[in-house]
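The chains referred to below are lettered A, B, ... by the order of the sequence lines, with proteins before strands, and numbering in each begins at 1.
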Amino acid sequence: MCGRFVVAKASSDLAVEFDIDRVSDTEFTPSYNIAPTTSVPVIVQAPAPAEEVDTYGPGPIRRLEVAKWGLVPGWARDASVASRAFNARSETAAVKPTFRAAVKRRRAVIPASGYYEWQTGADGTKQPYYVHPAEGGADASLCFAGLYEWWQNPEGEWLLSTTILTREAPAGRMRELHHRIPVFCTAADIDEWCDPALAGSAELVADFAERSLALTDSLALRAVDRRVGNVRERGPELIAPMADPA
DNA sequence: CCAGACGTTGTT
DNA sequence: GTCTGG
DNA sequence: CCAGACGTTGTT
DNA sequence: GTCTGG
């Protein structure tokens, strides 16, 4: 699954990597320990305002926004549902009340340097692992396929929120680590996944979940220090390979 | 009809 | 055990 | 996701 | 908002 992840780049670097047309005023600053309900960068595509078609062309423009990690559907009474909607099952998202409207019209991509999984040992201790693109990918980010929503609080303020899709892990290393994994897409797939003119369906989600498997093969993982469990730790040392016990 | 839920994970 | 905060 | 709290009263 | 349970 995906319940904690790393974005080592700031908004400006993500804007370059992902060919963003517009960056939100709210900056994202790098974090090596992003937890549910906190702020994450999210890539969305929306039609350009009519007066800006000359600048951007007739297609959708690509924006980098900062969102609360945990989807808050438009009809929610309060934003607390976010804490239980930071992942959406790709198998069912198209029909679940919380996610289906977003599947149709508000699909997004969350860029990430990597993410964490924990394995609980027989003695109950939790060993964290860092999952990331295998060497050779240089500086490239992963793309999590996700959804987003706008929600207005009683005071009329708008909140942007997002969730990451998951699927069953394929047999192999990743499944030994955990039975659920995020749905990934390639940078080249962002236009299609986030196309606001394309009505999302269960079939579209299933197609991307299937295509995601090709990317899973190119992941590497390593054990890291247990300090990552504490959300107040946010530095790059969290992804350092664990020192060998002498 | 109204009231209440709407979710994922893991674990047993 | 279960909820909240990050 | 994990870590940490989980309570009341009164006093400063 | 929309579905389910009563």
Side-chain angles (χ1 to χ4, degrees), chain A residues 1-7 28-41 66-106 110 112-132 142 144-154 158-159 161-169 174-183 199-200 202 205 209 221 223-235 237-239 242:
Chain A
M1 60 160 314
C2 187
R4 209 72 81 79
F5 68 101
V6 174
V7 178
F28 178 81
T29 51
S31 172
Y32 289 78
N33 202 355
I34 298 173
T37 72
T38 67
S39 292
V40 300
V66 174
K68 180 186 186 74
W69 183 20
L71 202 83
V72 182
W75 43 261
R77 284 171 206 251
D78 59 73
S80 64
V81 291
S83 63
R84 291 179 308 281
F86 58 87
N87 285 156
R89 293 175 62 86
S90 60
E91 300 91 335
T92 56
V95 296
K96 293 285 186 181
T98 298
F99 302 120
R100 60 192 173 193
V103 167
K104 266 191 197 147
R105 295 285 168 205
R106 285 177 294 278
I110 296 90
S113 304
Y115 67 101
Y116 299 105
E117 290 287 5
W118 280 261
Q119 255 182 355
T120 304
D123 60 355
T125 60
K126 291 175 178 174
Q127 175 59 55
Y129 290 83
Y130 181 56
V131 183
H132 57 97
L142 291 170
F144 294 137
L147 308 169
Y148 72 96
E149 275 291 0
W150 287 103
W151 177 78
Q152 197 172 23
N153 74 10
W158 288 98
L159 173 74
S161 63
T162 189
T163 189
I164 295 169
L165 290 163
T166 64
R167 58 155 293 147
E168 186 176 72
M174 294 307 296
R175 196 181 177 94
E176 288 166 29
L177 183 61
H178 207 88
H179 72 110
R180 302 289 296 177
I181 53 169
V183 175
V205 175
L221 57 91
V224 293
D225 197 282
R226 290 180 59 197
R227 281 150 65 204
V228 70
N230 183 342
V231 293
R232 275 160 277 270
E233 300 268 4
R234 292 177 176 179
E237 66 278 4
L238 295 176
I239 64 170
M242 204 166 56

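- Proximity of A:Met242 to A:Arg226: side-chain heavy atoms (C-beta onward) are nowhere separated by under 4.5 Å.
- As rounded to the nearest Å, C:dT4 and D:dG7 have P atoms that lie 11 Å from one another.
- C:dG6 sits 30 Å from B:dG4 when the C1' atoms are compared, rounded to a whole Å.
- Within the nucleic acid shown, A:Thr166 comes within 4.0 Å of sugar-phosphate atoms alone, with no base atom in reach, counting heavy atoms only.
- Look at CD on A:Glu91: it is 9 Å from P on B:dT8, rounded to the nearest Å.
- Here CD1 of A:Ile181 is found 9.0 Å from OG1 of A:Thr166. Values are rounded to the nearest 0.5 Å.
- Lacking a ring centre under 5.5 Å from that of the base six-membered ring together with a plane angle below 30°, A:Tyr116 does not count as stacked on D:dC1.
- When the ring-ring contact (aromatic ring centres under 6.0 Å, His included) test is applied to A:Tyr32, no partner is found at least two apart in sequence or on another chain.
- Computed from coordinates, the A:Glu149 CD to B:dC6 P distance equals 18 Å when rounded to whole Å.
- Atom pair A:Lys126:NZ and D:dG4:C1' shows a separation of 12 Å (rounding to whole Å applied).
- Comparing B:dC6 with D:dA5, their P atoms are spaced 30 Å from each other, to the whole Å.
- Residue A:Arg77 places none of its side-chain N or O atoms closer than 4.0 Å to OP1 or OP2 of B:dG4.
- One can place OH of A:Tyr115 at 12 Å from P of B:dT9, the figure rounded to the nearest angstrom.
- Residue A:Phe5 is classed as having no contact, given no heavy-atom separation below 4.0 Å to the nucleic acid.
- Taking atom P on both D:dC1 and B:dT11, the two are 9 Å apart, rounded to the nearest angstrom.
- Here A:Arg227 pairs with A:Asp225, A:Glu233, A:Glu237, A:Leu238 under the side-chain contact (heavy atoms from CB on, under 4.5 Å) rule; sequence neighbours left out.
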Strand DNA chain C as a dot-bracket string - pairs counted if Watson-Crick or G-U with both distances under 3.5 Å, | where the partner lies in another strand | ||||||
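- The residue among A:Ala76 and A:His179 whose nearest nucleotide of DNA chain B is located toward the 5' end is A:Ala76.
- A donor-acceptor distance shorter than 3.5 angstrom exists from the side chain of A:Thr163 to the backbone of A:Ala85, with no hydrogens or angles considered.
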Between protein and nucleotides 1-6 of chain C, what N or O pairs are separated by less than 3.5 Å?
residue	atom	partner	partner atom	Å
C:dG6	N7	A:Thr37	OG1	2.8
C:dG6	O6	A:Pro36	O	3.3
C:dG6	N2	A:Arg4	NH2	3.4

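- Within 4.0 Å of A:Ser31, counting heavy atoms only, lies no atom of the nucleic acid at all.
- A side chain to side chain contact (heavy atoms under 4.5 Å, CB included) with A:Val72 is found for one member of A:Leu159, A:Asp78, A:Thr162 and no other, namely A:Leu159.
- Under the ring-ring contact (aromatic ring centres under 6.0 Å, His included) criterion, A:Phe86 pairs with A:Trp69, not counting sequence neighbours.
- Nucleotide B:dT9 holds its P atom 12 Å from the CD1 atom of A:Ile164, rounded to whole Å.
- Ring geometry, A:Trp118 versus A:Tyr116: the interplanar angle falls from 30° to 60°, so the pair is classed tilted.
- Taking all atoms of both residues into account, the shortest heavy-atom contact from A:Val228 to A:Arg4 is O-NH1, 3.1 Å.
- Spacing between atom CE of A:Met1 and atom P of B:dT9 amounts to 6 Å, rounded to whole angstrom units.
- Among B:dT9, B:dC6, B:dT11, the nucleotide with an atom closest to any side-chain atom of A:Trp75 is B:dC6.
- Remark: P of D:dG4 and CD of A:Glu233 are 11 Å apart, rounded to the nearest angstrom.
- Between the CZ atom of A:Arg227 and the C1' atom of D:dA3 there is a distance of 16 Å, given to the nearest Å.
- Remark: A:Ala93 engages A:Ala88, A:Phe99, A:Val103, A:Leu165 in a side-chain contact (heavy atoms from CB on, under 4.5 Å) (not counting sequence neighbours).
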